[in-house]
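Right, one structure below, let's go through it.
Below, chains carry the letters A, B, ... as their sequence lines are ordered, and counting in each starts from 1. Values below: all heavy atoms of this structure, side chains included; hydrogens, waters and symmetry mates excluded. This is a predicted model, so every value here is computed, not measured.
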Protein chains: 2
Amino acid sequence: MSPESVAETLRNQGLKVTPRRLAAARLLFESGRAMTPEEVRERLRPALGRLGLPTTYRILDELAGTGLLTRVERDDRVLSYAACRAEPGRHHHHLVCTGCGRVEVVGCAFPASQRRDIERRTGFRVTGHRMQVEGLCGDCRRRGR
Amino acid sequence: MSPESVAETLRNQGLKVTPRRLAAARLLFESGRAMTPEEVRERLRPALGRLGLPTTYRILDELAGTGLLTRVERDDRVLSYAACRAEPGRHHHHLVCTGCGRVEVVGCAFPASQRRDIERRTGFRVTGHRMQVEGLCGDCRRRGR
DNA sequence: GGATAGATAGAAGTGATTTCTATCTATCAT
DNA sequence: ATGATAGATAGAAATCACTTCTATCTATCC
């Protein structure tokens, strides 16, 4: 993801293109890993000088709102954010490495047939689903985590 | 879920069978809905007299650990708990009504073929997935929520 | 090169959840 | 049944993630 396309996405959403927003997006796109707001802040501080924690939270939330980032959850409910490389508008999920936090895009694993099946059995209308796949990336497997 | 089988599950896990634990399990099994710890506490207080909030959190966490309850998440990250009626040991997910919080068990919607596909494409080993299906139950649809 | 709406820093506040400690009780062995 | 004990609970206090508030700054538009 180039800085230009990040800037374009921000503008399309009516958000100003600021150094902090660009730096946060760049950090997550270059690392490919999920990070907590606190970690993002610590990593950006050397380059940005001051960076408020409320600003960090807000920026990550806004970038997730544009689809540039995705939220990643762990069992202990710690929230982190990662770059989302999915094609815009395409339904997808994320595969998260439990060793290093690396995040990849995967296609949706919820077939329409299953959805109809659930609707018939339960009487619900299915309106959505949240899904996150977990695994160990090649590097972490080799390292034996 | 009878009080006896709740008690049996508790004993199997090395947990004492206490009135508070039984009451919490009973409340959630009888209502069929997801509730926050605060809501569970308010509902149990009339019958139990005193019930500490830390106790409520701990009991819900323990019951979720035994598989009797399941955690339900919302977009706003509010955590609640609901009775889990799945057969023990059987892989499953939960369908949550966004109108009233009613929770049903559904089968796993993640075929092994998809999993292998993901592993081949990403080099990850897939170790698990978290999934929650959302919808509107029949009652809530009729009420036009 | 202003004007202005939106962005940011830092202090303070909030609220969910946890920790701590003294007291209580379910359970198990008499 | 009864006493011993490990585990459970109440309530106060602490913690921690996250948000609000307000004054100051800056990207953007003219």
Response to the item:
Contacts of B/E119 meeting salt bridge (Lys or Arg N to Asp or Glu O under 4.0 Å) (sequence neighbours excluded), chain-then-number -> B/R115
Worksheet item: Can you name the salt bridge (Lys or Arg N to Asp or Glu O under 4.0 Å) partners of A/R77, sequence neighbours left out?
Response: B/E73
Practice prompt. Applying side chain to side chain contact (heavy atoms under 4.5 Å, CB included), name anything that partners B/D75, two or more places apart in sequence or on another chain.
Written response: A/R130
Worksheet entry | Partners meeting side chain to side chain contact (heavy atoms under 4.5 Å, CB included) with A/V103 (sequence neighbours left out) | A/A34, A/V72, A/A82, A/H94, A/V96
Can I get a per-line list of side-chain donor-acceptor pairs under 3.5 Å for residues 36-48 of chain B, giving both atom names and the distance, sequence neighbours left out?
residue, atom, partner, partner atom, Å
B/T36, OG1, B/E39, N, 3.1
B/E39, OE2, B/R33, NH2, 3.1
B/R41, NE, B/L51, O, 2.7
B/R41, NH2, B/L51, O, 3.2

Can you measure [X] atom [atom1] to [N] atom [atom2] for me and round it to whole angstrom units?
{"X": "A/I59", "N": "D/dC18", "atom1": "CD1", "atom2": "P", "answer": "16 Å"}
{"X": "A/R21", "N": "D/dT28", "atom1": "CZ", "atom2": "P", "answer": "10 Å"}
{"X": "B/L22", "N": "D/dT9", "atom1": "CG", "atom2": "P", "answer": "10 Å"}
{"X": "A/R20", "N": "D/dT24", "atom1": "CZ", "atom2": "C1'", "answer": "13 Å"}

How long is the gap from [atom1] on [X] to [atom2] on [Y], to the nearest 0.5 Å?
{"X": "A/L63", "Y": "A/L10", "atom1": "CG", "atom2": "CG", "value": "6.0 Å"}
{"X": "A/Q13", "Y": "A/E8", "atom1": "CD", "atom2": "CD", "value": "11.0 Å"}
{"X": "A/C137", "Y": "A/R143", "atom1": "SG", "atom2": "CZ", "value": "7.0 Å"}

Worksheet item: Counting only non-hydrogen atoms, which of residues 60-84 of chain B are less than 4.0 Å from DNA chain D?
Response: B/R77
Worksheet entry | Axis-to-axis angle between the two ends of the helix from C/dG1-D/dC30 to C/dT30-D/dA1 (five base pairs per end, rounded to 10 degrees) | 50°
Practice prompt. Not counting sequence neighbours, which residues clear ring-ring contact (aromatic ring centres under 6.0 Å, His included) with B/H129? List them please.
Written response: B/H91, B/H93, B/F110
Discussion item. If the condition is ring-ring contact (aromatic ring centres under 6.0 Å, His included), which residues does A/F29 pass it with, not counting sequence neighbours?
Written reply: none
Discussion item. Taking salt bridge (charged side-chain N to carboxylate O under 4.0 Å, His left out) as the cut-off, I'd like each qualifying pair that reaches into residues 54-66 of chain B, sequence neighbours left out, listed once.
Written reply: B/R21-B/E62, B/R58-B/E62, B/D61-B/R71
Worksheet item: In residues 38-54 of chain A, what residues come within less than 4.0 Å of DNA chain C, judged by heavy atoms?
Response: A/R50, A/L51, A/G52, A/P54
Item to complete: May I ask you to say what A/R58 touches in the nucleic acid, namely base, sugar-phosphate or nothing, with a heavy-atom cut-off under 4.0 Å?
Response: base
Practice prompt. Could you check if a side-chain atom of B/M131 sits within less than 4.5 angstrom of a side-chain atom of B/V133, using non-hydrogen atoms only?
Written response: yes
Worksheet entry | pair B/E104-A/F124: side-chain heavy atoms closer than 4.5 Å | yes
Under-3.5 Å N/O pairs linking protein and nucleotides 26-30 of chain C:
residue, atom, partner, partner atom, Å
C/dA26, O3', B/V17, O, 3.3
C/dA26, N3, B/K16, NZ, 3.4
C/dT27, OP1, B/V17, N, 3.0

